Amino acid sequence: MEDGLPPWIEKDTRSGTRALNDECLASAVHDCAQKLASGEAGLQGANQLYQLIMCVWSLETQLACKAADLACDLIRDNGGLASLLQLYCAAVDRDAKLNLCRALEQIMVGKNRTFIARSELFEKVVAAASSTDGLELIRCGTGILENLFKESEDTCLRLVAYGGLAAIINACRSTCTVVLQHCAAALVNCAMYGGPKCHHHMMRLNADHWLFPLAFSTDSAVQYYAILAMCFLAANRDLSSLVARSGTLDLVLPFLQTHDPEEFASTCPNHVHGRSATWLCMLLPLLTCDSEEAQSMAAFHFAMEAGIKKKQQRLQVSEGSSFDVSLGTRQAFTCCFCIDISRYQSNTSSNHSSEEWFVSD
């Protein structure tokens, strides 16, 4: 590994820029897939895949996203994901299950989530991810569930039916910051993607009771996603009065008063690479809901996202997507959402102009 770089990253000695060697990465992923399918070498393949993906995500954003997308597509197309699911669901030994769980958690991109949701092993995957056999398994398992809640409304309802939501709420008792980050993000995803039916399931399982202490977490990411989850529940008119009684919405303004969108983006790995176009589109309804707190939180997130995408020079958040995040200028689009935050600015003493809080689709 020259200069600390993996063999599938090439460095231009003159410019110092780095580029992805697709063929070399494909070879490395293929080797992982073969080992995963070979039985005895399956755990070695899982460990190898985990190390490869962790190396990928340590790269700068644009290169990391490109390499991760390619690696995750290849491991699925080469049969490695199917083999990994079989090994994970069949594992009895705790250490073996942990190694498989870690690898699976790192490759939960959109198409892989769809593959898992459509797999005949889906219920077993949810059961395995809901394991409480040790902190490390809970960390990885809640990470898997967090990602699965981003798949679709139907998948969210199946996750509820198979005990995935109950597992997340039970894990809210943890004192581990990583687990709580996964739990808060999973509850946001469930509220965001699951629709009204999942909102009622969340309230039935007392999710609002657990979101309140999470909203007081000393970890800013846990606090943020807990408040955002409550905002989604508050946007449901059938539940708004119940949510208001919890008092969590009262925490929105103090949070916004003490955080800068661009600075906040650097506080948690969850924010570093930004969110997908799909995730951002799911956030749009908050901008026009009846809850002022929910509108403010959505505005904050889009301002944060705009800053991230501007640094990445990726104002169009995904290739082929019509969803653009624009920072600093107002432009005309077929459908646009302009957020007047003059009142918010006066309350928060923010230095951002209203020009900077703009999102268009």
Side-chain angles (χ1 to χ4, degrees), residues 85 88-89 91 94 97-98 100-102 104-105 108 113 116-217 219 221-223 225-234 236 238-239 242-243 245-246 248 270 282:
L85 294 180
Y88 179 47
C89 293
R94 182 181 173 278
K97 182 176 288 188
L98 176 59
L100 295 161
C101 188
R102 288 195 313 169
L104 182 59
E105 183 191 6
M108 297 290 289
R113 295 195 297 268
I116 295 169
R118 294 176 179 175
S119 168
E120 60 183 13
L121 295 173
F122 180 70
E123 184 174 358
K124 292 183 178 180
V125 170
V126 176
S130 302
S131 172
T132 57
D133 186 19
L135 179 58
E136 289 298 326
L137 274 174
I138 295 174
R139 282 177 182 165
C140 296
T142 51
I144 290 172
L145 293 174
E146 171 198 337
N147 280 283
L148 287 174
F149 273 113
K150 289 192 292 187
E151 166 54 23
S152 67
E153 182 174 353
D154 178 67
T155 298
C156 286
L157 290 170
R158 292 169 65 205
L159 282 163
V160 172
Y162 296 152
L165 178 58
I168 287 294
I169 291 176
N170 287 336
C172 289
R173 295 178 170 86
S174 176
T175 57
C176 172
T177 299
V178 175
V179 171
L180 295 179
Q181 286 178 351
H182 288 319
C183 289
L187 291 172
V188 168
N189 292 338
C190 182
M192 182 182 291
Y193 288 80
K197 289 184 179 179
C198 278
H199 294 170
H200 285 280
H201 284 302
M202 290 175 71
M203 297 298 285
R204 177 177 58 82
L205 292 174
N206 298 319
D208 55 322
H209 294 173
W210 286 103
L211 287 169
F212 187 75
L214 291 181
F216 279 99
S217 172
D219 181 82
V222 175
Q223 184 184 32
Y225 286 118
I227 294 174
L228 188 58
M230 286 301 290
C231 286
F232 269 98
L233 295 177
N236 185 326
D238 294 338
L239 302 175
L242 293 175
V243 172
R245 292 175 194 169
S246 73
T248 308
N270 290 1
M282 299 298 289

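Quick note: numbers below take in every heavy atom, side chains included, and nothing from hydrogens, waters or symmetry partners. This structure is a prediction, so every number in the text was calculated from the model and none was measured.
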Thr177: side chain to side chain donor-acceptor pair (under 3.5 Å) partners, not counting sequence neighbours: none
Could you tabulate the donor-acceptor pairs under 3.5 Å formed by side-chain atoms of residues 156-174, not counting sequence neighbours?
| from | atom 1 | to | atom 2 | distance (Å) |
| --- | --- | --- | --- | --- |
| Arg158 | NH1 | Ala117 | O | 2.8 |
| Arg158 | NH2 | Ala117 | O | 3.2 |
| Asn170 | OD1 | Arg173 | NH1 | 3.1 |
| Asn170 | ND2 | Ala166 | O | 3.2 |
| Ser174 | OG | Cys176 | N | 2.9 |

Test item: Asp133 and Ile138 side chains (from C-beta on) under 4.5 Å apart, heavy atoms: no
Under 3.5 Å: donor-acceptor pair, side chain of Thr142, backbone of Arg139: yes
Pairwise side-chain contact, Ser119 with Val125, heavy-atom cut-off 4.5 Å (strictly under): no
Side chain proximity check, Leu137 to Lys97, heavy atoms < 4.5 angstrom: yes
Nearest non-hydrogen partners of Leu187 and Met202, listed with the distance: O-CE, 3.5 Å
Gln181 versus Asp219, side-chain donor and acceptor atoms under 3.5 Å: yes
pair Val126-Glu123: side-chain heavy atoms closer than 4.5 Å: no
Nearest non-hydrogen partners of Leu233 and Met203, listed with the distance: CD1-SD, 4.0 Å
Value rounded to 0.5 Å, distance of CG in Asn147 from NZ in Lys150: 4.5 Å
Any Glu153 side-chain heavy atom under 4.5 Å of Tyr193 side chain: no
Gap separating the CE atom of Met192 from the SG atom of Cys198, nearest 0.5 angstrom: 13.0 Å
Partner residues of Ser217 under the side chain to side chain donor-acceptor pair (under 3.5 Å) criterion, sequence neighbours left out: none
Atom CZ of Arg204: over 12 foreign heavy atoms under 6.0 Å: yes
Note, Cys101 side chain near Tyr88 side chain (heavy atom, < 4.5 Å): yes
Any Ile116 side-chain heavy atom under 4.5 Å of Phe122 side chain: yes
Non-neighbouring partners of Arg94 that pass side chain to side chain donor-acceptor pair (under 3.5 Å), sequence neighbours left out: none
Any donor-acceptor pair under 3.5 Å from Asp208 side chain to Val243 backbone: no
Pairing residues for Glu105 by the side chain to side chain donor-acceptor pair (under 3.5 Å) criterion, not counting sequence neighbours: His182
ring-ring contact (aromatic ring centres under 6.0 Å, His included) contacts touching residues 194-216 (sequence neighbours left out): Phe212-Phe216
